[in-house]
Visitor: 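If you scroll down you'll find the structure; I have some questions about it.
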Amino acid sequence: MSKKEKTDPKIELAKMGGTPTSPTSLEMYELIDMYSDKYKIPKHIAFNVAFLETRYCGPFHWKYKPSQTSSAGAVGPMQIMPTTANDVHHRKVSVKKLKTNIKFNIQTSMKLLHTLHNRYGNWSVACGYYNTGQPMVNNYARFCVKNIDYQKNWIYLRRV
């Protein structure tokens, strides 16, 4: 095993099935990791949003169900409002695609967070907006920004 393989957790996850046919929780981890890098979202904010929106608890959350719909109409693993997705992509987005295509949903979420941070220059306001549709700082936003140790929410760590 090379030195890189010993220190890079992404490689280890890939060996455990980090492919499009892998368990949803592994796919979520890989996609949040990838799109948070692409859109320059701090990891703790990206994973905290996933936790708060649908209680995603990490790559080994085997019972995770991403195709959720909130009472407000937000859909998918990152709970995106369909009208917000239309704005993010500058076109009509299928609610079914937003709800069932994990990759598209996460990409939309990270792109939205990136846009909000660029607009307001503040992660707390961006997260508050993500949660409420208004530029504000609420408990949701404070959790997203201050919970740096986001992995403590993950199931396999709570059992150790």
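Only heavy atoms go into these numbers, but all of them, side chains included; no hydrogens, no water, no symmetry mates.
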Visitor: Taking only residues two or more places apart in sequence or in another chain, which ones pass side-chain contact (heavy atoms from CB on, under 4.5 Å) with T83?
Guide: M81
Visitor: Does atom NZ of K111 have more than 12 heavy-atom neighbours from other groups under 6.0 Å away?
Guide: yes
Visitor: Who are the side-chain hydrogen bond (donor to acceptor under 3.5 Å, both in side chains) partners of N139, not counting sequence neighbours?
Guide: R142
Visitor: Sequence neighbours left out, what passes side-chain hydrogen bond (donor to acceptor under 3.5 Å, both in side chains) with Y64? Give chain and number order.
Guide: T54
Visitor: Looking at NZ of K43 and CD1 of I148, how far apart are the two atoms once the value is rounded to the nearest 0.5 Å?
Guide: 13.5 Å
Visitor: What is the distance from atom OG1 of T24 to atom CD1 of I102, rounded to the nearest 0.5 Å?
Guide: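 One finds 4.5 Å between OG1 of T24 and CD1 of I102.
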Visitor: Can you name the side-chain contact (heavy atoms from CB on, under 4.5 Å) partners of N86, sequence neighbours left out?
Guide: K92, V93
Visitor: Please name the pair of heavy atoms, one in P82 and one in G73, separated by the smallest distance, quoted to 0.1 Å.
Guide: CD-O, 3.4 Å
Visitor: Going by side-chain hydrogen bond (donor to acceptor under 3.5 Å, both in side chains), name the residues that satisfy it together with N48, two or more places apart in sequence or in a different chain.
Guide: N147
Visitor: When rounded to the nearest 0.5 angstrom, what distance separates CZ in F51 from CZ in F143?
Guide: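 If I round to the nearest 0.5 Å, the distance is 5.5 Å.
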Visitor: My understanding is that only residues two or more places apart in sequence, or in another chain, count here; which of them pass side-chain contact (heavy atoms from CB on, under 4.5 Å) with K38?
Guide: Y35, Q107
Visitor: Which heavy atom of P135 sits nearest a heavy atom of Y129, and at what distance?
Guide: N-CD1, 3.3 Å
Visitor: Using modelled atom types and a 3.5 Å cut-off, is there a donor and acceptor pairing between side-chain atoms of N105 and backbone atoms of K99?
Guide: no
Visitor: Does P42 reach the side chain of W123, with side-chain heavy atoms less than 4.5 Å apart?
Guide: yes
Visitor: Does any donor atom in the side chain of S109 or Y130 lie under 3.5 Å from an acceptor atom in the other side chain?
Guide: yes
Visitor: List in chain and number order the residues that pass ring pair (Phe, Tyr, Trp, His ring centres under 6.0 Å) with H44, two or more places apart in sequence or in another chain; answer none if no residue qualifies.
Guide: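 H44 satisfies ring pair (Phe, Tyr, Trp, His ring centres under 6.0 Å) with no other residue.
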Visitor: List the atom of M78, the atom of A46, and the distance in Å for their closest heavy-atom pair.
Guide: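 Here M78 and A46 meet closest at CE-O, 3.8 Å.
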Visitor: Between the side chain of S36 and the main-chain N/O of I32, is any donor-acceptor distance below 3.5 Å?
Guide: yes
Visitor: What pairs with Y150 under ring pair (Phe, Tyr, Trp, His ring centres under 6.0 Å), at least two apart in sequence or on another chain?
Guide: F47, W154
Visitor: Just to verify, what does N122 make a side-chain contact (heavy atoms from CB on, under 4.5 Å) with, not counting sequence neighbours?
Guide: S124, V125
Visitor: So, do V88 and T115 sit near enough that their side-chain heavy atoms are less than 4.5 Å apart?
Guide: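 Contact flag for V88/T115 side chains = no.
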Visitor: From S25 OG over to K65 NZ, what is the distance, rounded to the nearest 0.5 angstrom?
Guide: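 S25 OG to K65 NZ: 10.5 Å, rounded to 0.5 Å.
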Visitor: Is Y56 close to P77 at the side-chain level, that is, under 4.5 Å between some pair of heavy atoms?
Guide: no
Visitor: Verify, without hydrogens or angle tests, whether H117 (side chain) and A126 (backbone) share a donor-acceptor contact under 3.5 angstrom.
Guide: no
Visitor: Can you name the nearest heavy-atom pair linking G76 to Q79, along with the distance?
Guide: O-NE2, 2.8 Å
Visitor: So, using side-chain hydrogen bond (donor to acceptor under 3.5 Å, both in side chains) as the criterion, who are the partners of E53 when residues are at least two apart?
Guide: Y140
Visitor: Would the H89 and F104 ring centres measure less than 6.0 Å apart?
Guide: yes
Visitor: Just wondering, do V75 and Q68 contact through their side chains at under 4.5 Å, heavy atoms?
Guide: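 The answer is no; the side chains never approach within 4.5 Å.
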Visitor: Indicate the atoms forming the closest heavy-atom contact of G128 with N138, along with that distance.
Guide: CA-OD1, 3.9 Å
Visitor: M110 pairs by side chain to side chain contact (heavy atoms under 4.5 Å, CB included) with which of L112, T108, L113?
Guide: L113
Visitor: Could you state the interatomic distance from CD (Q151) to SG (C57), rounded to the nearest 0.5 Å?
Guide: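 Between Q151 CD and C57 SG, I get 12.5 Å after rounding to 0.5 Å.
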